[in-house]
**Q** 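I have a structure I would like to understand better, so I am pasting it below and will then ask my questions one at a time.
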Protein chains: 2
Amino acid sequence: MNSATGIVAVATEAGVSVSTVSQVLSGKRPVSAATRSRVEAAIEKLNYRPHPGARSLRSQRTESVALIVPDITNPFYPLVAVGIQDILMPQGYLLSVNDVALPSRTVSETLRHVLARRVDGIVLTTYGCTPADLELIAQSGTQVVALGQDIGVSGSDYVDVDEAAGIGSVVEHLLGNGFRRIAFVGGEREDFTSSLRHSGYREALLSAGLGVDDELSVFTSFTRDGGAAGARRLLELDTLPDAIVCANDLIAIGVIDALRARGISIPGTVAVTGYDDIEAAGLITPALTTVDNPAREIGRTSARLLLDRLNGSVDNVTRHVRLSQHLVIRESSTVVPH
Amino acid sequence: MNSATGIVAVATEAGVSVSTVSQVLSGKRPVSAATRSRVEAAIEKLNYRPHPGARSLRSQRTESVALIVPDITNPFYPLVAVGIQDILMPQGYLLSVNDVALPSRTVSETLRHVLARRVDGIVLTTYGCTPADLELIAQSGTQVVALGQDIGVSGSDYVDVDEAAGIGSVVEHLLGNGFRRIAFVGGEREDFTSSLRHSGYREALLSAGLGVDDELSVFTSFTRDGGAAGARRLLELDTLPDAIVCANDLIAIGVIDALRARGISIPGTVAVTGYDDIEAAGLITPALTTVDNPAREIGRTSARLLLDRLNGSVDNVTRHVRLSQHLVIRESSTVVPH
DNA sequence: CTCCTCACGCATAACGTTTTGCGTCGCCTC
DNA sequence: GAGGCGACGCAAAACGTTATGCGTGAGGAG
């Protein structure tokens, strides 16, 4: 019914040897034009497609790449995924998207899962990655491109944006608009991205000659619910902040939920800012001031770095690409208080 | 450095034959406890992991499934993806997510790509699927679960929601609120989902005893920009509609963009409704009346259907699961006009 | 005419599994 | 003590590729 057996069927049909068919396919050895066309005719006639399993058995490559993300439901990550596809799919690679946030799944499990499948490369969101995981990666020999930080595995590249500068520009913008008591709601406390954004916040305040009140920093999770929980903690303070800088847009949206539930006007009483510039940031009321995070370009760049490695054209230095971003000013921070 | 050669290394290490190791792994034949533990020790010691390529060479299965979606950037689809992962990942399957909307990519190409990789099954969004594509699927013998419509391939299942009823409930709600001149903005004209939602709209009007004015139906694409374009066409009419029913939330958001750009108040002058209940629907101002579309459950269901097939426990009837949904009433439709 | 050199094609040996038909051994039954 | 039977383990044959070392003509150089 369907595609006939394999390369030997093609060889028989074309009256040549198996190796010749293989050579026609790979082009690694010269084949006369006449033979080539006989083989091609046979391939066409039998509707032959090479068996990727057999191929990978020989070559020890699977022509597939895994993307590991903390939460594909965060609209930032699908964009990363399409960026990767932009580059990888034309080369015949298959991209598998693996979401860690499935019920009670961990990075280690997910990593084991994709390593067991012998993917050629991994684009890894570092969130939740333990030293044991890095050890696993290192000894597996699989190529990895990290998103957001250097994972310190030899021969692995990473791509990031200047998080501290990004958050810094948000804080400066708020200061410029007269906000002074500026709070911060981060993601998971141990998360690297979260702490980068937190230091950016601290440094911006310090370099403006202001003090940093630790009471004004809370950590939660990179989700809408997390943001709401964080905001409620800030609302217990004796004196409210007049602005809340959030580590991503989802958190900011949650913060807005919580403030609004308390009847607090935004930005009249408290300004709120986000990070990533997901689509919802422009839709919510008030529209969210945020930092655009070039997700698709991050995906493309990481795929290119990975591809270089897979083609073996890189020595084992660690390469680092830093993409640029810019502040997006919207309503949630524009009104000057009092 | 890394995981040693293969099953024969394990066999040697444990002092047994290759087949015995295989039997320990698969459990398809009894193995004495003593032997089993020697083998397990060897596996542990050598950090052995079976080679999936070799395995699939024998078994003719890849333990992988492809999801083909029109646009992963539409927040509906990532949810479908995690739903599929919920079911498939625990079984050791790898899910590859394939976005058709990459620059100038077609369903046929994407299909060929995943079929060439010999995936065991495909979860297919029918959007943009030609008869030739279906032919390709049928003769490949790959298991397919379709989303949204029966693709008519023997032995393929599909899962959908009652689109017509969903849109119908929107229209009834609008009629109940006094809206009378109700327009419709669809996705691509030839898209099946789009036309289902369109018929739902027509039928609801007819069964309420109202006429259907074809001038009030426009088709565009399932995106925000598409929605804006559609709205602009409606705005050229001599008399404005007083409500616009959109085929999905993205379109509705675009419609709101366009209306707002013309200074038209929503829902005061024109009400707008969406479909899917993506997160942004609750965030935009005015919050969007819409129909919740159980994306994650759609993913889970389709994965279960696929798994049944892959386990061979189904004869070749076409199974159909219809999931339920409900109207979500928000501000964009609640004000009664005049 | 002989020898060398290409250009082309072939046979064969991996690659790492799973499956299946056969031993072999020990023990039970009569 | 003979026969039978279970339980366990092994060898070998696939599965479909790609890489590699050789063979064989044809044609050119001497």
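All values below come from the heavy atoms of this structure, side chains included, with hydrogens, waters and symmetry mates left out. Naming: A, B, ... by sequence-line order, numbering from 1 per chain.
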**Q** B:S17 side chain N/O closer than 4.0 Å to the phosphate oxygens (OP1, OP2) of D:dA11?
**A**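 Answer is no, no contact under 4.0 Å.
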
**Q** Pairing donors with acceptors under 3.5 angstrom, does anything connect the side chains of A:T62 and A:D120?
**A**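 Note: A:T62 and A:D120 side chains meet the donor-acceptor criterion.
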
**Q** Dump the intermediate steps for side chain to side chain contact (heavy atoms under 4.5 Å, CB included) on B:Q85 and A:R105, then the final yes or no.
**A** CA-CA 11 Å; B:Q85 290 268 40; A:R105 186 169 296 284; over 6 Å; no

**Q** With respect to the phosphate group of D:dT18, does any side-chain polar atom (N or O) of A:R55 fall under 4.0 Å of OP1 or OP2?
**A** yes

**Q** Rounded to whole Å, how long is the line connecting atom OH of B:Y48 with atom P of C:dT18?
**A** 6 Å

**Q** CG of A:L57 versus P of D:dC15: gap in Å, rounded?
**A**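 About 14 Å, once rounded to whole Å.
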
**Q** Taking only the side-chain heavy atoms of A:S19 (C-beta and beyond), determine which of D:dT18, D:dA19, D:dA13 contains the nearest atom.
**A**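 Closest of the options to the side chain of A:S19: D:dA19.
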
**Q** Round to a whole Å and report the spacing from CZ of A:R38 to P of C:dC8.
**A** 14 Å

**Q** Measure CZ/A:R118 against P/C:dC15 and give the value in whole Å, please.
**A** 14 Å

**Q** Roughly how far, to the nearest 0.5 Å, is the CG atom of A:L147 from the CG atom of A:L124?
**A** 8.0 Å

**Q** Side chain of A:P50, heavy atoms from C-beta onward: which of C:dC10, C:dG16, D:dT17 has the nearest atom to it?
**A** D:dT17

**Q** Rounded to whole angstroms, how far apart are CD1 on B:I7 and C1' on D:dA12?
**A** 14 Å

**Q** Can you see whether B:S17 engages B:T20 through a side-chain donor-acceptor pair at a distance of less than 3.5 angstrom?
**A**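 Side-chain D/A pair, B:S17 to B:T20: present.
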
**Q** Kindly give the heavy-atom pair with the smallest separation between A:V100 and A:V107, and that separation in Å.
**A**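 Scanning both residues, the minimum pair turns out to be CG1-N, 3.8 Å.
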
**Q** Looking only at side-chain atoms of A:T5, point me to the closest of C:dC8, C:dT18, D:dG16.
**A** D:dG16

**Q** Give me the residues of residues 21-28 of chain B where at least one heavy atom lies under 4.0 Å from an atom of DNA chain C, by number, or none.
**A**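 Nucleic-acid contacts, sorted: B:S22, B:Q23, B:K28.
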
**Q** With side-chain hydrogen bond (donor to acceptor under 3.5 Å, both in side chains) as the test, pick out the partner of B:D157 among B:R309, B:Q143, B:R304, B:H320.
**A** B:R309

**Q** When you measure only distances, ignoring hydrogens and angles, does the side chain of A:R58 come within 3.5 Å of the base of D:dA19 through a donor and an acceptor?
**A**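 Under the 3.5 Å cut-off, the side chain and the base do not form any donor-acceptor pair.
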
**Q** Quick one: on DNA chain D, does B:A54 or B:V31 contact a more 5' nucleotide (nearest heavy atom)?
**A** B:V31

**Q** Could you state the CZ-C1' distance from B:R61 to D:dC15, rounded to the nearest angstrom?
**A** 15 Å

**Q** Ignoring the backbone of A:R29, work out which of C:dG9, C:dC8, C:dT19 is nearest its side chain.
**A**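 Between C:dG9, C:dC8, C:dT19, the one nearest the side chain of A:R29 would be C:dG9.
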
**Q** What's the verdict on side chain to side chain contact (heavy atoms under 4.5 Å, CB included) for B:L310 and B:Y93, showing C-alpha distance, side-chain angles and the deciding distance?
**A** CA-CA 11 Å; B:L310 296 179; B:Y93 281 83; 3.6 Å; yes

**Q** Give the nucleotide from the list D:dC8, C:dG9, D:dG16 with an atom nearest to the side chain of A:H51.
**A**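 For the A:H51 side chain, the nearest candidate turns out to be D:dG16.
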
**Q** Given C:dG16, is OP1 or OP2 found less than 4.0 Å from the side-chain N or O atoms of A:Q60?
**A** yes

**Q** Walk me through it: do A:L323 and A:T301 pass the test side chain to side chain contact (heavy atoms under 4.5 Å, CB included)?
**A** CA-CA 9 Å; A:L323 297 173; A:T301 304; 4.0 Å; yes

**Q** Looking for any heavy atom pair under 4.0 Å, which part of the strands does B:V18 touch: base, sugar-phosphate only, or nothing?
**A**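 Result for B:V18 = base.
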
**Q** Taking any heavy-atom pair under 4.0 Å as a contact, classify A:S32: base, sugar-phosphate, or nothing.
**A** sugar-phosphate

